[in-house]
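Okay, structure first, notes after.
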Amino acid sequence: MRKIVIYIMLLMIGFTIQAQIPDQIKSKLTELVKKVAKESDKAVIKEQLNRFVSNAPNESSKKAALSFIKKESTSNTVKSVVDELMSSKIVTKNGDYKFLKNVGIINMISNELKKGNILIKNDKIQAIDYTKKRKAPESAKIFDLSGKYLIPGLIDAHVHITHGTFNDAKHHLHEAVKNGVTSVRDMGGDGRMLTLLKRNTLIGENIGADVYFSTIIAGPDFFINDKRPQSVALGAKAGEVSWQRAITNDTDLKQVISEVKGIGATAIKVYMNVEKNLFKKVADEAKRQGLKVWAHAVVPPTKAIDITNGGADVMSHAGDMIQYEFIKGDLKDRYGFKNREELITYRNQLKNVQWDENTLEVKRLFSSMKNNNSILDATLHVYDNERRSPDDLKNALKAVRIASKMGVKVGAGSDNMITEEKGAPAVLNIHGEIELLTKAGLSNFEALQAATIINAEMLGEENNIGTIENGKIANLVILNANPLEDIRNTKKIDFVLKRGKIVK
């Protein structure tokens with residue numbers, strides 16, 4: 001694709017709106033017309049057309065190419081997009097500049113709202129100006145955002161996006177970015193789909209949130225007893241593919257992690273049936289090869305205290321992580337019981353555990369998490385529904401409150417990225433997760449940090465995203481109301497910039 005763009009750019013230098021378009025360009029533009037004719041989404045069509053014509057050296061060359069596309073196309077949707085592009089000012093080869101002026105900036109570094117201007121060049125923040133002295137480049141598109149507020153793109157740190165079709169996943173990622181979510185952390189899915197989704201959103205072929213994903217690591221029993229892994233291993237055997245691997249003490253962990261790295265995963269996710277010594281071995285190998293270590297807070301038979309001490313960068317699910325600390329000996333998973341009565345007795349034992357911020361087990365766990373820099377992926381949204389006991393949410397909120405008070409970093413993950421009901425707008429559940437974090441005791445600013453810079457750290461991307469700073473990727477959300485005053489204002493979105501481009 002890049003070669004085609006460069007080729008067209010060089011050829012377009014030689015003609016203007018009045019000139020005859022060279023045959024070499026005609027053939028390439030004809031290919032483009034055929035490609036976009038298959039699309040129905042105007043945003044996708046616009047992205048693909050713009051990728052070609054934005055390399056034109058001047059306005060005349062741009063209009064010549066667009067005129068040809070409109071003449072050749074039989075799609076009214078394509079023609080409509082062409083008309084929009086024809087009426088817009090060309091961004092020259094000097095760079096795609098956007099100048100956001102008079103906007104209230106919440107940079108996620110300091111708990112301070114400051115009005116200023118931001119200059120974006122291509123996909124990066126080039127300058128932040130609070131003096132109002134900086135002028136926009138002549139070719140910049142200027143946005144007067146008086147009365148509006150700017151935050152970094154939100155990150156949902158716990159999603160599962162491949163349990164439907166590939167087109168479902170593309171659609172959901174597009175809805176996510178329209179609703180302010182510019183990145184997601186997938187915690188276990190079909191690695192074949194995830195690899196392609198990661199690539200396509202990165203290069204702009206799909207318009208959606210950027211994808212960071214993990215490979216599930218678990219003991220063999222999990223893949224035998226649980227039906228879910230096979231649903232994302234169709235065509236292969238669950239536990240024997242690079243995106244989900246069964247391990248034992250005899251496993252060649254170096255080879256396993258190399259395969260995980262090879263599919264483009266960001267991390268391993270340790271899930272179940274991994275004892276603490278094996279957990280540490282696989283965590284050490286993952287880190288040696290440059291991958292993150294993500295895990296459930298509790299990985300039966302291993303307790304949370306051993307997960308953090310074993311090297312977990314992120315630990316998911318706040319709801320019952322404390323209670324398991326009180327169980328004597330190894331923990332049992334859902335398949336470790338002889339009958340249902342035994343399972344119910346075990347769960348009742350967990351429910352009857354009494355604890356607070358002064359309990360030794362609580363202080364020990366959260367002190368260790370703070371010292372190990374293990375981030376808590378709270379997933380409060382999971383516990384906030386009618387299928388769960390009210391005590392589940394109460395315990396999760398209490399755990400988050402105590403963890404945060406003790407200095408543990410808390411992130412924001414929904415574990416159910418999107419809710420769609422027929423006839424209603426899509427709901428991105430990260431907004432509800434952020435609100436629940438404030439109910440747990442975090443300030444509005446801290447809850448915003450959880451969904452931005454803390455989550456960026458989970459991904460290992462804190463130097464690229466998560467705050468509004470010079471040189472960072474321009475993933476930005478423009479809001480119509482101040483989220484520091486009311487956290488629900490994260491849903492009042494004017495528009496979104498993903499890698500410097502407006503999302504529609």
Side-chain angles (χ1 to χ4, degrees), residues 100 102-120 123-130 145 148-158 176-177 179-185 209-210 212 313-314 373 375-378 400 404 407-414 428 430-438 440-500:
L100 314 183
N102 302 323
V103 65
I105 301 170
I106 306 171
N107 62 19
M108 295 305 155
I109 303 165
S110 62
N111 188 2
E112 184 180 11
L113 174 66
K114 295 177 68 176
K115 183 175 285 190
N117 304 326
I118 292 185
L119 177 63
I120 298 167
D123 64 342
K124 299 283 180 64
I125 298 172
Q126 188 173 67
I128 303 173
D129 170 41
Y130 295 109
L145 301 178
K148 299 187 186 298
Y149 302 85
L150 189 67
I151 62 172
L154 300 174
I155 302 167
D156 190 333
H158 201 127
V177 77
N179 284 275
V181 179
T182 54
S183 304
V184 297
R185 185 177 76 120
D210 285 327
Y212 301 84
D313 295 304
V314 186
N373 199 31
I375 300 171
L376 175 58
D377 166 31
V400 169
S404 178
V408 176
K409 295 176 182 175
V410 178
S414 67
L428 272 295
I430 192 64
H431 297 285
E433 178 74 11
I434 295 170
E435 186 178 350
L436 284 168
L437 287 174
T438 65
L442 276 67
S443 69
N444 287 1
F445 178 68
E446 289 169 334
L448 290 171
Q449 283 188 310
T452 54
I453 185 56
I454 302 300
N455 281 354
E457 187 178 336
M458 286 192 198
L459 304 172
E461 292 290 326
E462 64 270 25
N463 293 327
N464 298 314
I465 57 177
T467 60
I468 300 175
E469 296 182 85
N470 288 347
K472 286 203 169 181
I473 294 171
N475 288 347
L476 302 168
V477 182
I478 294 84
L479 301 173
N480 291 316
N482 185 356
L484 295 179
E485 294 179 352
D486 186 338
I487 199 62
R488 294 171 295 182
N489 288 338
T490 59
K491 293 179 282 191
K492 296 180 179 178
I493 297 171
D494 187 5
F495 65 96
V496 177
L497 288 172
K498 164 73 188 308
R499 294 184 177 269

Do you know which two heavy atoms are closest between [X] and [Y], and how far apart they sit?
{"X": "V400", "Y": "A378", "answer": "CG2-CB, 3.6 Å"}
{"X": "E469", "Y": "I128", "answer": "CA-CD1, 3.7 Å"}
{"X": "S183", "Y": "I465", "answer": "OG-CD1, 3.8 Å"}
{"X": "V184", "Y": "A209", "answer": "CG1-CB, 4.1 Å"}
{"X": "T490", "Y": "H431", "answer": "OG1-ND1, 2.9 Å"}
{"X": "G180", "Y": "I493", "answer": "N-CD1, 3.7 Å"}

Below 4.5 Å, heavy atoms only, C-beta onward: do L476 and I125 meet side chain to side chain?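 In short, these two side chains touch, coming nearer than 4.5 Å.
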Quick one, E457 and D313 - any side-chain contact, counting heavy atoms below 4.5 Å?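 Heavy-atom side-chain distance check fails, nothing below 4.5 Å.
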Excluding sequence neighbours, so at least two apart, what forms ring pair (Phe, Tyr, Trp, His ring centres under 6.0 Å) with F495?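 F143.
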Counting distance only, does the side-chain N/O of [X] pair as donor-acceptor with the main-chain N or O of [Y] below 3.5 Å?
{"X": "N455", "Y": "A450", "value": "yes"}
{"X": "D129", "Y": "I118", "value": "no"}
{"X": "D377", "Y": "V314", "value": "no"}
{"X": "E461", "Y": "A456", "value": "no"}
{"X": "K472", "Y": "E462", "value": "yes"}
{"X": "N475", "Y": "R499", "value": "yes"}

Side chain to side chain contact (heavy atoms under 4.5 Å, CB included), paired with L113, selected from N107, I105, N482, L150: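 That would be N482.
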Separation of [Y] [atom2] from [X] [atom1] (nearest 0.5 Å):
{"X": "I487", "Y": "E435", "atom1": "CD1", "atom2": "CD", "result": "8.5 Å"}
{"X": "D156", "Y": "I434", "atom1": "CG", "atom2": "CD1", "result": "9.0 Å"}
{"X": "L437", "Y": "N444", "atom1": "CG", "atom2": "CG", "result": "11.0 Å"}
{"X": "T452", "Y": "F445", "atom1": "OG1", "atom2": "CZ", "result": "7.5 Å"}
{"X": "L484", "Y": "E112", "atom1": "CG", "atom2": "CD", "result": "10.5 Å"}
{"X": "M108", "Y": "L448", "atom1": "CE", "atom2": "CG", "result": "4.0 Å"}

Go through it in stages, so that I can follow the logic: the residues are I106 and L479, the test is side chain to side chain contact (heavy atoms under 4.5 Å, CB included), and I'd like the CA-CA distance, side-chain angles, deciding distance and then a yes or no. CA-CA 11 Å; I106 306 171; L479 301 173; over 6 Å; no
Is there a side chain to side chain contact (heavy atoms under 4.5 Å, CB included) between N117 and N102 once you walk through the steps? CA-CA 6 Å; N117 304 326; N102 302 323; 4.1 Å; yes
Quick one: do K409 and L376 satisfy side chain to side chain contact (heavy atoms under 4.5 Å, CB included)? Show the steps, please. CA-CA 6 Å; K409 295 176 182 175; L376 175 58; over 6 Å; no
Apply the test side chain to side chain contact (heavy atoms under 4.5 Å, CB included) to residues K148 and N480: give CA-CA distance (whole Å), side-chain angles for both, the deciding distance (0.1 Å), then the verdict. CA-CA 5 Å; K148 299 187 186 298; N480 291 316; 2.7 Å; yes
